[in-house]
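Okay, so here's the structure we're looking at.
Letters go in sequence order (proteins before strands), and every chain restarts at 1. When reading the values below, keep in mind they use all heavy atoms of this one structure, side chains included, and skip hydrogens, waters and symmetry mates.
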Number of protein chains: 4
Amino acid sequence: MTVEPRRRNDPARRQRIVDATLIVIERHGVAGTTHRRIAEAAAVPLGSVTYYFVTLEDLLTTAFLQLATTSSGAFAARLDAATTRCEAIEGVIDIIAGSVWADPRTLLLSYELYAYAARHPDVTTVMQHWMDNSRAALGRFFDPVTARALDALVEGIGIHNSIDTAPLDRDAIRVIIDRITGDA
Amino acid sequence: MTVEPRRRNDPARRQRIVDATLIVIERHGVAGTTHRRIAEAAAVPLGSVTYYFVTLEDLLTTAFLQLATTSSGAFAARLDAATTRCEAIEGVIDIIAGSVWADPRTLLLSYELYAYAARHPDVTTVMQHWMDNSRAALGRFFDPVTARALDALVEGIGIHNSIDTAPLDRDAIRVIIDRITGDA
Amino acid sequence: MTVEPRRRNDPARRQRIVDATLIVIERHGVAGTTHRRIAEAAAVPLGSVTYYFVTLEDLLTTAFLQLATTSSGAFAARLDAATTRCEAIEGVIDIIAGSVWADPRTLLLSYELYAYAARHPDVTTVMQHWMDNSRAALGRFFDPVTARALDALVEGIGIHNSIDTAPLDRDAIRVIIDRITGDA
Amino acid sequence: MTVEPRRRNDPARRQRIVDATLIVIERHGVAGTTHRRIAEAAAVPLGSVTYYFVTLEDLLTTAFLQLATTSSGAFAARLDAATTRCEAIEGVIDIIAGSVWADPRTLLLSYELYAYAARHPDVTTVMQHWMDNSRAALGRFFDPVTARALDALVEGIGIHNSIDTAPLDRDAIRVIIDRITGDA
DNA sequence: GATGAATGAGGGTTCATTCAT
DNA sequence: GATGAATGAACCCTCATTCAT
């Protein structure tokens, strides 16, 4: 019999807005990301969006930073699960081929992120940290140059596979990685 | 005594508009690309833009296709100049480290391109051709998997170097490529 | 049988917008003056207003400058019609008591103008010219101090009469003016 | 050890809000006077403003009425200090030239007040009282017409001096007043 | 009593697009 | 063919006001 009260102080709302923003970016691109679409996607009144984020740019930055953190975290988590060099290689293959990082959604968002970062220095900084983290995670098993090579390969194959009509399969990826790591 | 007349029927005008569009995208992102900014950058009357391109989307697509063609062409041209496998490797290094492809401008534009392509199937198709061309050019010297690995590496290192405060230098790049190609 | 065409290049439109702006200011105050109200008052599409005036502030400034010019002109015109000191005095009385300057509309607008000018230096400058013109017009018949006194009197009585439930009549005004001019 | 508690039931708070309102009007005009700015200027929580004043208009009216009362009071007080006609004249000069009434702040606020009053009959009424008070104060020393003339002169010279790059000095003001009062 | 989180109406402004010229 | 004047939809954002706490 209780009427659902107009939710006051909804603690999840801010987070819901950020999540909705990423959904809208994915669907419409930064160019098509508007307060109204975000509000609708978050099922939140229009005024809410500007209430929690002074500026649309604020919100975009927050959303992209969250994306970077999440992606970076997933990458590191997968590698942290490895204890041997061999498991680490398997982890990298998972990251590239699987859904750890290179799912279409994350990739599409990362293009938008890169483009956005190029014009927003604070986001660039976070991306640098992201890359540092990835390399540190790889650095547990590989020397620095190899780590960077693998990191770049994740990026490059990920992008190409997302476009390619015939993506590289796990075996092909393994061949390449083995060459880079010298484990051939 | 003749006053320079407002150029009539400028045949290069269409092309100038396309070039200006890429400049505007580079500067303001797709999100900030407007008819007015394009017209200004092209030094062309506002009406010209909609005259040559029915829709802004038409123009963006045209511009991105040109970008893809040009980039792809530069890539292939550099490799076509090589006659030996060794020269080809040098070419790839040039492409990654030099200004053939991985200059900041092209990279920034390519993020925008990837993001745009993900929502415009016709552009995706062209990008697939682009990748095919790159691999064909590499295929003159390397087996298919190696070609794809190198292609991905170009992409990945290019992106990372554009963000990285300490980009990989030519020597490090050579080490990685040698491992991939088995020429170590 | 001619269908009224969508008027292109209506030369009077810009002026109509300015006039409408003064009407809206009079009716709603600067605080209540909006693009939408102006557009409605001018019977012009909303987009027109920002098309002719980049900024609402631009438009307000233009409108107030026109008001100042018109008012100042009316003042001077009335005095220019005088050829003798006596006629000049009659002119001043007309200005104060009549509709030359001190009609309620102009007065109300002038409050808004003064308030606006205080925060817009360029408008202040124009008002200084306005006062200079008034005094110059009075200067044809009166010494400088008398001119300034009369000018202030016009302002002061005008304001008070617009509020007063029992405004000063022409005779009382004449008495005061005669004292100031020493023609008592 | 006591942390200064958020003041409860601050009796001066209502007054502080009114004072802050005048400050905000002075700084931003009625057009730029908002709850938020007032709350900030008064160092008071946002909710306070609507708590003490149901409507922004209520608050503006209250503030303007206070302004009218204060100004009128200062005017009367200065004249009440006079015991002779001569001292009264000196008082009027003080009022015009000094800071009794014609300081820039009060003048700017009075433009806003006049404009506001023109659209708010209750405020107009108070202004009428204000004028009546001024004239009553002058009436102790001067006949009614002279009183009104002096009152108008205060208004007119005050306004003009606030705009004028070369304001009238005390001597010039005295000359004019002497003519009006017939004490020349 | 007091507060600040929350909202939706409406603000100024930009812009893709149209179309008379 | 080419243009730029013109428009109205939609943009981001501000704000008076409400109301649960």
Kindly list each side-chain donor-acceptor pair under 3.5 angstrom involving residues 39-50 of chain C, sequence neighbours excluded, with atom names and distances?
{"residue": "Ser48(C)", "atom": "OG", "partner": "Arg13(C)", "partner atom": "NH1", "Å": "2.9"}
{"residue": "Thr50(C)", "atom": "OG1", "partner": "Gly47(C)", "partner atom": "O", "Å": "3.3"}

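Within the model, atoms CG of Leu109(B) and CZ of Phe64(B) stand 7.0 Å from one another, a figure rounded to the nearest 0.5 Å. With rounding to the nearest 0.5 angstrom, the CD1 atom of Ile25(B) is 9.5 Å from the CG atom of Leu108(B). Between the CD1 atom of Ile17(C) and the CZ atom of Arg14(C) there is a distance of 8.5 Å, given to the nearest 0.5 Å.
Look at NE2 on His28(A): it is 14 Å from P on dA10(F), rounded to the nearest Å. We find that CG of Asp58(B) is positioned 12 Å from P of dT18(E), with the value rounded to whole Å. One atom, CG of Leu60(D), and another, C1' of dA16(F), lie 12 Å apart when rounded to the nearest Å. As a whole-Å value, the separation of Ile38(B) CD1 from dA16(E) P is 8 Å. One atom, CZ of Arg13(B), and another, C1' of dT3(F), lie 9 Å apart when rounded to the nearest Å. Glu40(A) places its CD atom 16 Å from the P atom of dT7(E), with the value rounded to the nearest Å.
Where pairing requires Watson-Crick or G-U contacts shorter than 3.5 Å, the helical stems of DNA chain F with at least three consecutive pairs are E:2-21 with F:2-21.
Pairs engaging residues 54-66 of chain C under the side chain to side chain donor-acceptor pair (under 3.5 Å) rule: Gln15(C)-Gln66(C), Asp19(C)-Gln66(C), Glu57(C)-His120(C), Thr61(C)-Tyr116(C) [sequence neighbours left out].
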Exercise. Would you mind building the protein contact string for nucleotides 10-15 of chain E? One character per nucleotide, 5' to 3', B for base within reach (heavy atoms under 4.0 Å), S for sugar-phosphate only, - for untouched.
Key: BSBBBB
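Thr69(B) pairs by the side chain to side chain contact (heavy atoms under 4.5 Å, CB included) definition with nothing, not counting sequence neighbours. The side chain to side chain contact (heavy atoms under 4.5 Å, CB included) check on Thr125(B) picks up His129(B), with sequence neighbours excluded.
Considering only side-chain N and O atoms, Ser48(A) lies under 4.0 angstrom from the phosphate OP1 or OP2 of dT7(E).
Annotation for Leu22(D) and Ala63(D): closest pair CD2-O, 3.7 Å, computed over non-hydrogen atoms.
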